[in-house]
Amino acid sequence: MRLMDILALELAGAVAGLMHFHIPLSETAPIHTVLLHFGSALAFLVFPQLDLYGSWRGRSMPDMFVRLAASWALVLLIGLFFSFLIHHVGNVSRLWMFYWYAIGVAFLVLYRSVAYFMLRFLRTKGLNNKRVVIVGYGSTGREMHRRAMEQDWAGYDVKAVHAAPEDMDKILDPSVTRIASLQEVQQFVEANHVHEIWITLPLLASPKLQELQYLLRNTFVDMRWVPDILGVQMLSNKMGNFLGLPAVDLNQPISSGLNGIVKEIFDRVFAIVALVLLLPLFVVIAIAIKRTSPGPVFFRQPRLGLNGRHFNVYKFRTMKVHQERDTVTQATKNDPRITSIGGFLRRTSLDELPQFINVLLGDMSVVGPRPHALQHNEMYKDLLEMYMLRHRVKPGITGWAQIHGLRGETDTVDKMAARVKFDLHYIQNWSLWMDIRIIAWTAFRGWTGTNAY
């Protein structure tokens, strides 16, 4: 493949010369021929160092192409710097170099794609496969096995599984050999010429990992450790680099970092536009509230925001002015505290509109888990294991749970558990497009609900 790369780059440079100069490259300024051979030779030396020739079996093809394009760009930049050092950079045609880069990427990607799809075809026919043993069969082990079976083009054939006794009956393929002990893993690997071992033990099973490493110390087999983090109920399992070492982020929402900045800008702009457009409606609702019952137009109540920070949420007042101490009583059907206009505002969710002020202040987001009363947080945080993870993101005016009908009174733990399940799905799968879909759904269908009192 290294030689194929060099041939592809040499050919790309010659084609680029004909496209730009309309004559063979050898008849142009000598620096172009020098750069052509210098760049090709440099690629021969640099590409292996950039992990372009390792096995991409089971890995993303787009990732490989991006790495390929970036590596070729690096080689050309070095070549341009070389021409500067020999005082010939002024004679280099930038357009020719651009053509060379674009055609070079096209050739490299084209022949790799042909090779890739030929290998995929062979693997679906059972050829060029790698025999695999899975050690550990929790959530991650089963998921790895399922993907190997479904993605047969990746060329992984699971031959045996070492599972805990309670997981033996969960093995997806009945033809797979069941291995009871780690000692038998060693024997099976040697007897069946296994290529790879996938270790999917839980995080607490490090002694078994050390024992397996010792048993296989004299065996020439590739081992992949895929920690069983699917069994850990957290917000994420993104792999990254921390202080130069690999680390797994278990509790970092997708909508953080650069994504968080994008979401923040979207929220503030949307809130400003919404408040300007809704100002006439705000005036009408304020007049109706004042005419139907004495008291303020707005109702403020403390809530938990991002990472547990307290803030006051704004709503249009829908109840008669009353006092509650040490408890919050949720509104129920035919609640006598609700005013005549308040019932309409609550059923249509118009009482939530002042929360665009909270969005503008940075306390809330347009889309996110709905903020609950502090007393409800205290009650449910010990009843539902994942409840407080809702507060790893800003609360929202509307959310994934609300557009699926989970609005209003949560008079049972099961109702709250269902709402939390949808909230966590939103946090774990967030995207700006998902926010836009939720807003659109709320605008057309999500304002009303049979259980919103």
Side-chain angles (χ1 to χ4, degrees), residues 1-4 47-48 51-61 63-64 111-203 205-230 239 246:
M1 184 171 284
R2 291 175 71 181
L3 291 176
M4 284 290 294
F47 278 8
D51 196 25
L52 291 184
Y53 300 119
S55 174
W56 281 86
R57 185 191 300 251
R59 296 164 69 180
S60 168
M61 283 294 288
D63 286 350
M64 182 182 75
Y111 94 78
R112 274 175 166 78
S113 297
V114 171
Y116 177 79
F117 285 106
M118 286 180 61
L119 288 173
R120 282 185 61 155
F121 175 76
L122 292 174
R123 288 163 185 164
T124 58
K125 302 301 181 182
L127 303 174
N128 191 236
N129 283 351
K130 286 192 174 184
R131 293 179 289 277
V132 176
V133 172
I134 298 178
V135 177
Y137 211 68
S139 302
T140 301
R142 288 193 295 275
E143 179 63 17
M144 294 287 289
H145 193 179
R146 183 188 66 79
R147 295 189 183 194
M149 292 171 62
E150 292 180 353
Q151 302 174 21
D152 55 354
W153 46 264
Y156 289 110
D157 187 6
V158 177
K159 291 294 186 181
V161 169
H162 167 62
E166 62 271 17
D167 291 328
M168 282 295 187
D169 59 344
K170 300 177 182 178
I171 295 177
L172 301 176
D173 184 355
S175 65
V176 165
T177 302
R178 289 157 170 77
I179 300 178
S181 68
L182 293 181
Q183 287 77 12
E184 292 180 40
V185 172
Q186 176 197 11
Q187 297 167 6
F188 186 91
V189 167
E190 294 176 347
N192 293 274
H193 304 289
V194 169
H195 297 100
E196 292 189 13
I197 298 176
W198 296 349
I199 304 170
T200 60
L201 295 168
L203 297 175
S206 57
K208 294 189 70 173
L209 179 60
Q210 293 174 343
E211 181 182 356
L212 182 64
Q213 181 187 20
Y214 177 79
L215 289 171
L216 298 174
R217 67 193 185 280
N218 298 322
T219 304
F220 301 106
V221 62
D222 292 333
M223 289 191 286
R224 298 179 187 271
W225 182 39
V226 186
D228 187 16
I229 52 180
L230 292 181
M239 194 77 179

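Keep in mind that what you see is a predicted model, and the values were worked out from it rather than measured.
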I need the minimum non-hydrogen distance between [X] and [Y], along with the two atoms involved.
{"X": "Val194", "Y": "Val221", "result": "O-CG2, 3.5 Å"}
{"X": "Ile179", "Y": "Ala160", "result": "CD1-CB, 3.5 Å"}
{"X": "Val158", "Y": "Ala148", "result": "CG2-CB, 4.1 Å"}

State, with a plain yes or no, whether a side-chain heavy atom of [X] is found less than 4.5 Å away from one of [Y].
{"X": "Val132", "Y": "Met144", "result": "no"}
{"X": "Ile199", "Y": "Met223", "result": "yes"}
{"X": "Val185", "Y": "Leu212", "result": "yes"}
{"X": "His162", "Y": "Leu182", "result": "yes"}

Roughly how far, to the nearest 0.5 Å, is the [atom2] atom of [Y] from the [atom1] atom of [X]?
{"X": "His193", "Y": "Phe188", "atom1": "NE2", "atom2": "CZ", "value": "11.0 Å"}
{"X": "Leu172", "Y": "Arg142", "atom1": "CG", "atom2": "CZ", "value": "8.0 Å"}
{"X": "Ser181", "Y": "Glu211", "atom1": "OG", "atom2": "CD", "value": "8.5 Å"}
{"X": "Gln186", "Y": "Leu216", "atom1": "CD", "atom2": "CG", "value": "6.0 Å"}
{"X": "Gln213", "Y": "Trp225", "atom1": "CD", "atom2": "CH2", "value": "11.5 Å"}

After noting the C-alpha distance and the side-chain angles of Thr200 and His145, does the key distance pass the side chain to side chain contact (heavy atoms under 4.5 Å, CB included) rule?
CA-CA 10 Å; Thr200 60; His145 193 179; over 6 Å; no

Applying salt bridge (charged side-chain N to carboxylate O under 4.0 Å, His left out) as the test, list every pair that has at least one member in residues 170-187; sequence neighbours left out.
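Salt bridge (charged side-chain N to carboxylate O under 4.0 Å, His left out) check on residues 170-187 returns Asp167-Lys170.
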
Steps toward side chain to side chain contact (heavy atoms under 4.5 Å, CB included) verdict (Lys159, His195):
CA-CA 10 Å; Lys159 291 294 186 181; His195 297 100; over 6 Å; no

